[in-house]
Asks: 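My questions will all concern the structure given below.
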Amino acid sequence: MTRPDRDERRQRILAVVDSIPHGRVATYGQVAREAGLGRHARLVGKVLSELPARTALPWHRVVNAAGAISPRAGDSPSLQRRRLAREGVRFTTAGRIEFARFLWRPET
DNA sequence: CGGTTGACTGTTT
DNA sequence: TAAACAGCCAACC
C-alpha cells in the first residue's frame, strides 16, 4: 500500500474530526492516530488552521493533550471555549477540560 | 539538499 | 502545578 499523499491525509483528518460526537473532545494526537497517521499531531493542527472560517466541521472539539485550548497565532481561543461550553463541556478553574468526563472514546 | 516552522506531546526540572 | 526541554515530522522556502 502506497503512502497516503497530502490530500488524502488531509481528508482522513477532516473525516475523523467530523466524527467527534457532540459534547466530547479529542486531542490532536488522538485524531492523528484515528486517521492512521501515527505521530502527526502537529499536522492535525496545521490542517485545522487552514479551515475556512465558516466550515461546518466541529474543529472546536479538538484540544491539546493537557486538556486545554492550544494558543494560536491569530485570534483568541474564546470562540472555541464558548462553543464547547454550549455543548456542555465544562472547564476547571485552571481552564482545563476533565478528560475523565469529556474525552471522546471511539469504540473498536 | 538543508534549515525553519508549528492549533503537538511526553519527560524532566 | 507549571515551565522548560527534547523529540517529533510534514510542509515550506
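Below, read A as the first sequence line, B as the second, and so on, with proteins coming before strands; counting in each chain starts at 1.
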Asks: Of the non-hydrogen atoms in Arg96(A) and Ala68(A), which two are nearest, and what is the gap between them?
Replies: CD-CB, 4.1 Å

Asks: Looking only at the side chain of Arg96(A) (C-beta and beyond, no hydrogens), which of the listed nucleotides dT9(B), dA2(C), dA7(B) gets closest?
Replies: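 Between dT9(B), dA2(C), dA7(B), the one nearest the side chain of Arg96(A) would be dA2(C).
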
Asks: Between Leu14(A) (CG) and dA7(B) (C1'), how many Å, whole number?
Replies: 14 Å

Asks: With a distance cut-off below 6.0 Å to the six-membered ring centre and an angular limit of 45° from the axis, does Arg81(A) pair with Phe91(A) as a cation-pi contact?
Replies: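 Cation-pi check for Arg81(A) and Phe91(A): passes.
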
Asks: Please report, rounded to the nearest Å, how far the P atom of dA7(B) is from the CG atom of Asn64(A).
Replies: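 It is 12 Å, rounded to the nearest whole Å.
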
Asks: So do the side chains of Trp104(A) and Val16(A) get within less than 4.5 Å of each other, counting heavy atoms only?
Replies: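 Yes. Closest side-chain heavy atoms under 4.5 Å.
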
Asks: With no hydrogens and no angle check, do the side chains of Arg6(A) and Gln11(A) hold a donor and an acceptor under 3.5 Å apart?
Replies: no

Asks: Within this structure, what is the CZ-to-C1' distance between Phe99(A) and dT9(B), rounded to whole angstrom?
Replies: 12 Å

Asks: How would nucleotides 8-13 of chain C be written as a contact map, 5' to 3', with B for base contact, S for sugar-phosphate-only contact and - for no contact, using protein heavy atoms under 4.0 Å?
Replies: BSSS--

Asks: Taking CG from Leu84(A) and P from dA7(B), how many angstroms apart are they, rounded to a whole number?
Replies: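 Value for this atom pair: 18 Å.
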
Asks: Taking all heavy atoms of Asn64(A) and all of Thr27(A), pick out the closest pair and write down the distance.
Replies: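 That closest heavy-atom pairing would be O-CG2, 4.0 Å.
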
Asks: Taking CD1 from Ile13(A) and C1' from dC8(B), how many angstroms apart are they, rounded to a whole number?
Replies: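 Those two atoms, CD1 and C1', are 12 Å apart.
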
Asks: Can you tell me if the side-chain N/O atoms of Thr27(A) get under 4.0 Å from OP1 or OP2 in dC8(B)?
Replies: no

Asks: Using whole Å, what does the distance between atom P of nucleotide dA7(B) and atom CZ of Arg72(A) come to?
Replies: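 Computing the Arg72(A):CZ to dA7(B):P distance gives 9 Å.
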
Asks: So that I can tick it off, tell me whether Glu87(A) and Arg83(A) are bridged by a salt bridge, with the cut-off set at under 4.0 angstrom between side-chain N and carboxylate O.
Replies: no

